[in-house]
Amino acid sequence: MTMDRTERKTASMASPSQIKVWDHLIRVFHWSLVALFAFSYLTGDEWKQAHLLCGYAIIGLLIIRIIWGVIGSHHARFSSFIYSPATTLGFIRDSIRMRAKRYIGHNPAGGAMVIAMLAAISGIAATGYMMTT
């Protein structure tokens with residue numbers, strides 16, 4: 001059974017050509033974190049007050065992201081991209097062999113990277129805050 005031209009055109013119009021994975025809050029978080037981190041890095045020694053305010057803004061972003069990682073949209077939730085270490089190592093092994101499964105959103109290695117990045121930035125923010133006390 002084959003589709004004629006009209007049926008193919010209707011089917012292609014009905015199926016989306018793009019899947020939007022990241023919601024607006026995640027997009028704003030990502031680029032705000034990039035901008036604030038870069039600004040904080042550049043002002044570290046020269047403009048202390050701006051550096052401190054930037055650090056507090058980053059802490060606020062992290063808190064919002066952690067909350068959104070629990071209650072947010074499907075792909076924003078940590079439960080959608082945190083995998084066991086065995087699954088993550090298997091994914092990396094399959095990637096090296098060019099046989100890795102495709103994922104919508106973060107794959108197991110990407111999920112591990114997100115957690116590592118959030119932990120690292122949280123540590124940087126915490127030690128920066130401790131320097132002010």
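In this chain, numbering begins with 1 at the start of the sequence shown. Here the structure is a predicted model, which is why all the values come from computation and not from measurement. Computation of the quantities below employed the complete heavy-atom set of this structure, encompassing side-chain atoms and omitting hydrogens, waters and symmetry-equivalent molecules.
Tracing side-chain contacts under 4.5 Å through hydrophobic residues (I, L, V, M, F, W, Y), one reaches Ile59 starting from Ile67; they form part of the same cluster. Cluster annotation: Tyr56 is connected to Ile64 through the hydrophobic network of ILVMFWY side chains, with a link wherever side-chain heavy atoms come within less than 4.5 Å. Tracing side-chain contacts under 4.5 Å through hydrophobic residues (I, L, V, M, F, W, Y), one reaches Leu61 starting from Phe78; they form part of the same cluster.
At a threshold of 4.5 Å between non-hydrogen side-chain atoms, the residues Val34 and Trp31 count as touching.
Atom CG of Leu42 sits about 11.5 Å away from atom CH2 of Trp47, to the nearest 0.5 Å. Atom OG1 in Thr87 sits 12.5 Å away from atom CD1 in Ile82 (nearest 0.5 Å).
Atom CH2 of Trp22 sits in a crowded spot, with more than 12 heavy atoms from other residues, nucleotides or ligands closer than 6.0 Å. At most 12 heavy atoms of other shown residues, nucleotides or ligands fall within 6.0 angstrom of atom OH in Tyr129. Taking a 6.0 Å sphere around CZ of Phe39, one finds it holds more than 12 heavy atoms contributed by other residues, nucleotides or ligands.
Here the shortest heavy-atom pairing between Ile71 and Arg77 reads O-NH2, 3.6 Å. Pairing each heavy atom of Phe29 with each of Arg65, the nearest pair is CE1-CB, 3.5 Å. Heavy-atom minimum distance, His51 versus Ser40: ND1-O, 2.7 Å.
Leu53 is linked by a side chain to side chain contact (heavy atoms under 4.5 Å, CB included) to Gln49, counting only residues two or more places apart in sequence or in another chain. For Asp23, the side chain to side chain contact (heavy atoms under 4.5 Å, CB included) partners two or more places apart in sequence, or in a different chain, are Leu25, Ile26, Trp68, Ser73, Ala76.
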Show me the side-chain donor-acceptor pairs of residues 101-127 shorter than 3.5 Å, one per line, residues at least two apart or across chains.
from, atom 1, to, atom 2, distance (Å)
Asn107, OD1, Ala109, N, 3.0
Asn107, OD1, Gly110, N, 2.7
Ser122, OG, Leu118, O, 2.7
Thr127, OG1, Gly123, O, 3.0
Thr127, OG1, Ile124, O, 3.1

